[in-house]
Amino acid sequence: MTDTPILVSTEGRVGLIRLNRPAQLNALNDALMDALGAALLAFDADPGVGAIVITGSDKAFAAGADIAAMADWDYMDVYQSAFITRNWEAIRQVRKPVLAAVAGFALGGGCELALACDIVVAAESARFALPEIKLAMLPGAGGTQRLPRAIGKAKAMDMCLSARMLDAQEADRYGLVSRVVPDAELLDRTLALAAQIASFSLPALMAIKESVNRAWESSLTEGILFERRELYARFASADAHEGMQAFLDKRKPAFQHR
Ligand code: DAK
């Protein structure tokens, strides 16, 4: 048992959040999701942080929503309290890049949490599934929407309807994850990637994240219009002028994140 559902720290400009319910394979209960949402929003507001990493344990990123907590709820409980929406969706408000470092099980809500991150780095041991159908539930934290966008309808239907579990290499082939690394290197490699990202201009990172997310949510014409406006806005950014001048001066840019 632990009283601290997440552990929060910073390494340079990277905010690190470790899910910390190892005895329950990091099953996602309200205490954990409240704390995770608060930590994400705190890092998002912290000018010293440029990227955020979420990780779990060696055995589980997260084995899903906490089944023990949910077992007795009825419709009015989840409807009136806006289950999922009230805390899980804090991650959608985060404007900085969020990376998931996944080892072991990423099941149900754990898989959905990874899908809500911007970059997923998987250890060889990572296993991804949306097994809610086994409980006569459905993936209700974005899984039925984000998974087909990530890997296409055919693979997503297979995973949602049959509870098929993907190993890390399959997840990589299908486009569910960004990179696969050895287990022993997972956190170091993800933190190094996050540090590299965080070294870039923060407003440019936020503009890129917002533009790529637009590709999911709009037509190509609207998305390209949005992208073009974001590109024009870079010319109002001191960092963009610094980046171009540094290239011409053959020196490293000194970004002010403005
Ligand atoms: N919830 C609560 N406890 C869990 C858990 C979970 N999801 N997963 C594991 N645990 C607990 C186990 O009960 C066990 O506790 P003790 O018996 O030691 O007290 C401990 O973690 C270790 O688990 P196992 O003994 O089972 O470990 P194994 O290595 O044998 O198996 C496993 C690992 C991951 C294959 C297995 O634990 C498992 O199948 N877990 C359940 C995975 C699962 O079904 N996940 C999906 C959860 S449903 C909704 C929106 C979203 C959702 C639902 C509703 N609405 C909008 C309404 C999302 C739903 C889900 O995510």
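Indexing begins at 1, ligand by ligand and atom by atom, following the structure's order.
With a heavy-atom cut-off of 4.0 Å, A65 touches ligand 1 through backbone and side chain alike. Counting heavy atoms closer than 4.0 Å to ligand 1, residue L28 contributes nothing at all. Contacts with ligand 1 closer than 4.0 Å are made by backbone heavy atoms (N, CA, C, O) of A23 only, the side chain lying farther away. For K134, no heavy-atom contact with ligand 1 is shorter than 4.0 Å. Heavy atoms of D66 found under 4.0 angstrom from ligand 1 belong to the backbone as well as the side chain.
Those atoms of ligand 1 that come under 4.0 Å of a heavy atom in G109, given as number and element, are 60 (C), 61 (O). Near L107, the atoms of ligand 1 lying under 4.0 angstrom from a non-hydrogen atom of the residue are 34 (C), 42 (C). Ligand-side atoms of ligand 1 in range of P131: 43 (C), 44 (O), 45 (N), 46 (C), range being under 4.0 angstrom from any heavy atom.
Inside a 4.0 Å radius of atom 19 (O) of ligand 1 there is not any protein heavy atom. Within 4.0 Å of atom 24 (P) of ligand 1, not a single protein heavy atom is present. Protein heavy atoms are absent from the space less than 4.0 angstrom from atom 30 (O) of ligand 1. For atom 16 (P) of ligand 1, the protein comes within 4.0 Å by no heavy atom at all. By the definition of a contact as any protein heavy atom under 4.0 Å away, atom 38 (C) of ligand 1 is not in contact. The protein reaches atom 61 (O) of ligand 1 closely, with a heavy atom under 4.0 angstrom from it. Distance remark: protein heavy atom present below 4.0 angstrom from atom 8 (N) of ligand 1. Checking atom 13 (O) of ligand 1 against the protein gives no heavy-atom contact under 4.0 Å.
Polar contact check, A68 against ligand 1: no nitrogen or oxygen pair lies under 3.5 Å apart. At least one N or O atom of K59 sits closer than 3.5 Å to an N or O atom of ligand 1.
When only non-hydrogen protein atoms are considered, atom 57 (C) of ligand 1 lies nearest to F83 CD2, 3.8 Å. In terms of protein heavy-atom proximity, atom 48 (S) of ligand 1 is nearest to L135 CD1, 3.5 Å. Here the heavy atom of the protein found nearest to atom 56 (C) of ligand 1 is I84 CG1, 3.6 Å. For atom 51 (C) of ligand 1, the nearest protein heavy atom (residue, atom name, distance) is G140 N, 3.5 Å. What sits closest to atom 43 (C) of ligand 1 on the protein, heavy atoms only, is A63 O, 3.6 Å. Atom 36 (C) of ligand 1 has L25 CD1, 4.7 Å as its closest protein atom, hydrogens excluded (heavy atom only). In terms of protein heavy-atom proximity, atom 3 (N) of ligand 1 is closest to A27 CB, 4.0 Å. With hydrogens left out, the protein atom closest to atom 54 (C) of ligand 1 is M137 CE, 3.4 Å, a heavy atom.
Two residues are said to be in side-chain contact when any heavy atoms from C-beta on lie closer than 4.5 Å; F83 and M70 meet this criterion. A 4.5 Å side-chain heavy-atom check between R164 and E170 finds at least one atom pair inside the cut-off. Side-chain contact between V102 and V121 is absent, with no heavy atoms from C-beta onward closer than 4.5 Å. Inter-residue side-chain proximity for L40 and I17 is flagged as met; some heavy-atom pair is nearer than 4.5 Å. Put simply, the side chain of P182 reaches to within 4.5 Å of the side chain of R189, judged on heavy atoms. The shortest side-chain heavy-atom distance between T10 and V49 falls under the 4.5 Å cut-off.
Put simply, the residue from L186, L193, D188 that forms a side-chain contact (heavy atoms from CB on, under 4.5 Å) with T190 is L186.
The pair R21-D66 meets the salt-bridge criterion, with a side-chain N (NZ, NE, NH1 or NH2) lying under 4.0 Å from an Asp/Glu carboxylate O. Taking 4.0 Å as the cut-off between side-chain N and carboxylate O, R127 and D167 do not count as a salt-bridged pair. We find that R234 and E230 are joined by a salt bridge, their nearest charged nitrogen and carboxylate oxygen being less than 4.0 Å apart. With respect to D30 and R86, a salt bridge is recorded, a charged nitrogen being found less than 4.0 Å from a carboxylate O. Salt-bridge check for E217 with R149: failed, with every basic side-chain N at 4.0 Å or more from each acidic carboxylate O.
Comparing F105, W73, W88, Y75 against atom 35 (C) of ligand 1, the shortest heavy-atom distance belongs to F105.
Nearest heavy atoms, N26 versus A62: O-CB, 3.4 Å.
Heavy atoms from other residues, nucleotides or ligands lying under 6.0 Å from CG of D58 number 12 at most.
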Exercise. Please test D239 against R258 for salt bridge (charged side-chain N to carboxylate O under 4.0 Å, His left out), starting from the C-alpha separation and ending with a verdict.
Key: CA-CA 6 Å; D239 282 348; R258 301 200 52 92; over 6 Å; no
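Between F255 and H257, the two ring planes are tilted [angle within 30° to 60°].
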